[in-house]
Novice: 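One structure coming up, written as structure tokens, with questions to follow.
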2 protein chains.
Amino acid sequence: MTVACVSRKAKPGAKRKLVLDQFAPYRIVALGHAVSGRLARAYRDENITIPEWRVLAVIGEASAVAARDVVKRTPMDKMTVSRAVASLEQKGFVKRAPHKDDRRVSMLSLSQEGRDVFDRIAALALDFEDDLMSTLEPEEAAAFRLALEKLEERAKAEDA
Amino acid sequence: MTVACVSRKAKPGAKRKLVLDQFAPYRIVALGHAVSGRLARAYRDENITIPEWRVLAVIGEASAVAARDVVKRTPMDKMTVSRAVASLEQKGFVKRAPHKDDRRVSMLSLSQEGRDVFDRIAALALDFEDDLMSTLEPEEAAAFRLALEKLEERAKAEDA
DNA sequence: CCGAATTGGTAACATATGTTACTAATTTGA
DNA sequence: TCAAATTAGTAACATATGTTACCAATTCGG
């Protein structure tokens, strides 16, 4: 497939201008925002907030995890996770059990009700993903996913 | 280039499981978060916040705009923009001029100092973009940009 | 024209999120 | 073995962000 987008190479001397519409980081963040807002519809009806959904999702796929693991797997700091867990526990969606040999950590798991909520939201989320990704050809989609991985790794790299 | 990622098609009957690492919307949002944090370094030293930078960027490329235009071009609501503009004006980076025939709107433009700040940040931002995108081959990068556009358009669509 | 809806922008309030500091449990290492 | 450093998690505080309501200026419809 031919692509209309102009490849912009770094020309050492030429001062490029910052044009938002062509500035990849901006476009990435903008897409993230749009996607995030769209996903929010899936759990708004369940009275679940964004951080809560993230916690649900991590616990949902791993059955039992510590809060610190949720922190590692999501873009949230530990306070946000702590609050979301407390709220989910309050609502009866998440249960805590003591870790057998480290009494600092609680192991988190879903209650049956929490599992139900998770399943409902997950179904909607997967539908959305299908709808979203259907705008790309299969090879395009695969390439996009691969690019996402590479870029994220690079973006997270600590070097200057 | 061969791609390891499995293409996941919607099989009407088979309940797929939600696996975060393979869930495209999650990966997109995560990349956005990483990119955003990385960009923040570029303006942290200038004592510029994220909303302020976005406002600077929009004004910087359009010379004179109304606040409502900033709202249209960025993922911020009008209150956030209003505050950022007020702060930038406070700092002497942005100037307001009355719109000639609509007295509700102020036209925003950069002061010389604001222009300088914008240029410094823009240079760092463009360097970051180069560094980030250099992880992709030119064709990959072009395809990625195209995919971003398609996906954003789809994600913003109001239906379903 | 002119009253009713609309729009640009802000204020005041509520909520959400990040930061710092702290407690309790555990690990480290001299 | 035990004081010092590390880790999991939370509390208390500050700040940032979203929501609602509002004012002033403008446009719309009759």
Side-chain angles (χ1 to χ4, degrees), chain A residues 29-30 32-34 36-41 43-44 47-56 58-59 62 64-91 94-109, chain B residues 29-30 32-34 36-41 43-44 47-56 58-59 62 64-91 94-109:
Chain A
V29 172
H33 188 263
S36 196
R38 202 64 184 300
L39 268 180
R41 295 184 194 173
Y43 40 82
R44 185 185 325 262
N47 266 322
I48 296 288
T49 68
I50 299 182
E52 284 169 10
W53 160 244
R54 289 174 176 165
V55 171
L56 267 190
V58 172
I59 303 179
V65 296
R68 62 177 170 197
D69 300 318
V70 179
V71 173
K72 278 185 212 145
R73 288 173 175 64
T74 64
M76 300 188 285
D77 65 20
K78 54 183 195 166
M79 198 60 241
T80 308
V81 170
S82 174
R83 283 189 269 242
V85 168
S87 171
L88 288 170
E89 194 183 14
Q90 180 82 12
K91 294 175 182 172
V94 162
K95 302 194 149 211
R96 299 184 196 229
H99 187 287
K100 55 185 170 198
D101 27 54
D102 190 338
R103 276 184 296 173
R104 290 171 303 181
V105 318
S106 301
M107 294 305 281
L108 309 171
S109 58
Chain B
V29 173
H33 189 262
S36 196
R38 202 63 184 298
L39 268 179
R41 294 185 194 172
Y43 41 83
R44 186 184 317 270
N47 266 321
I48 295 287
T49 67
I50 299 182
E52 283 168 12
W53 159 243
R54 289 174 176 165
V55 171
L56 267 189
V58 172
I59 303 179
V65 294
R68 61 177 169 193
D69 300 318
V70 178
V71 173
K72 279 185 212 147
R73 288 174 175 66
T74 64
M76 299 188 286
D77 65 22
K78 54 183 195 169
M79 199 61 240
T80 307
V81 170
S82 174
R83 283 189 269 243
V85 168
S87 171
L88 288 170
E89 194 182 16
Q90 180 82 12
K91 293 174 182 174
V94 163
K95 301 194 153 211
R96 298 184 197 230
H99 188 287
K100 55 185 167 196
D101 27 53
D102 189 337
R103 276 185 296 174
R104 290 172 302 181
V105 317
S106 301
M107 294 306 281
L108 309 170
S109 58

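For the numbers below, each heavy atom of this structure counts, side chains included, while hydrogens, waters and symmetry mates do not. Model, not experiment: these values are computed from the prediction. Protein chains get the first letters and strands the later ones, always in sequence-line order, with residue 1 at the start of each.
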Novice: What nucleic acid atoms does Ser106(A) come within less than 4.0 Å of, heavy atoms only: base, sugar-phosphate, or nothing?
Specialist: sugar-phosphate

Novice: Kindly point out which of dT10(D), dA8(D), dT10(C) is positioned nearest to the side chain of Lys78(B)?
Specialist: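 The nucleotide sitting nearest to the side chain is dT10(C).
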
Novice: Take the protein atom CD1 of Ile48(A) and the nucleotide atom C1' of dA16(C), then report the distance between them rounded to whole Å.
Specialist: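 After rounding, the reported distance stands at 16 Å.
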
Novice: Just how far, in rounded Å, is C1' of dA24(D) from NE2 of His99(B)?
Specialist: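 My rounded result for the distance is 16 Å.
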
Novice: Would you call Lys95(A) and Glu89(A) a salt bridge, taking side-chain N to carboxylate O under 4.0 Å as the test?
Specialist: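 Answer for the salt bridge query: no.
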
Novice: Please check if the side chain of Asp69(B) supplies one atom and the backbone of Ala66(B) the other of a donor-acceptor pair under 3.5 Å.
Specialist: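 Such a contact is found between Asp69(B) side chain and Ala66(B) backbone.
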
Novice: Would you say the side chain of Arg104(A) and the base of dT26(C) hold a donor-acceptor pair, judged only by whether the two atoms sit under 3.5 Å apart?
Specialist: no

Novice: To check you understand the geometry: which heavy-atom pair defines the closest contact between Asn47(B) and Glu52(B), and what is its length?
Specialist: O-OE1, 3.8 Å

Novice: Round to the nearest Å and state the distance from Asp77(B) atom CG to dT15(C) atom C1'.
Specialist: 14 Å

Novice: Are OP1 or OP2 of dT17(C) and a side-chain N or O of Thr80(A) less than 4.0 angstrom apart?
Specialist: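 Negative; the distance criterion is not met.
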
Novice: Does dT10(D) have OP1 or OP2 sitting under 4.0 Å from an N or O in the side chain of Ser82(A)?
Specialist: yes

Novice: To the nearest Å, give me how far apart CZ (Arg96(B)) and C1' (dG9(C)) are.
Specialist: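 Rounded to the whole Å, the gap is 9 Å.
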
Novice: Please compare Arg103(A) and Arg83(A) by the position of their nearest nucleotide in DNA chain C and report the one closer to 5'.
Specialist: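 So the residue in question is Arg83(A).
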
Novice: Rounded off to whole Å, could you give me the CD-to-P distance for the Gln90(A) and dT10(D) pair?
Specialist: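 Taking CD of Gln90(A) and P of dT10(D), I get 13 Å after rounding.
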
Novice: Say you draw a straight line from CD1 of Ile59(B) to CZ of Arg73(B); how long is it, rounded to the nearest 0.5 Å?
Specialist: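 So the CD1 of Ile59(B) and the CZ of Arg73(B) are separated by 11.0 Å.
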
Novice: Separation of Met76(A) atom CE from dT19(C) atom C1', in whole Å?
Specialist: 17 Å

Novice: Whole Å only: how far is the NZ atom of Lys72(B) from the C1' atom of dG9(C)?
Specialist: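 Nearest whole value for this atom pair: 14 Å.
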
Novice: For Arg68(A) and dA25(C), what is the distance between atoms CZ and P respectively, to the nearest whole Å?
Specialist: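 Whole-Å distance recorded here is 16 Å.
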
Novice: side-chain contact (heavy atoms from CB on, under 4.5 Å), that's the test. Do Arg54(B) and Met76(B) meet it? Break it down for me.
Specialist: CA-CA 9 Å; Arg54(B) 289 174 176 165; Met76(B) 299 188 286; 3.6 Å; yes

Novice: Under 4.0 Å between any heavy atoms, over every strand shown, what does Asp101(A) touch: base, sugar-phosphate, or nothing? Just pick one.
Specialist: sugar-phosphate

Novice: Hey, which sits more toward the 5' end of DNA chain C by its nearest nucleotide, Asp102(A) or Met79(A)?
Specialist: Met79(A)

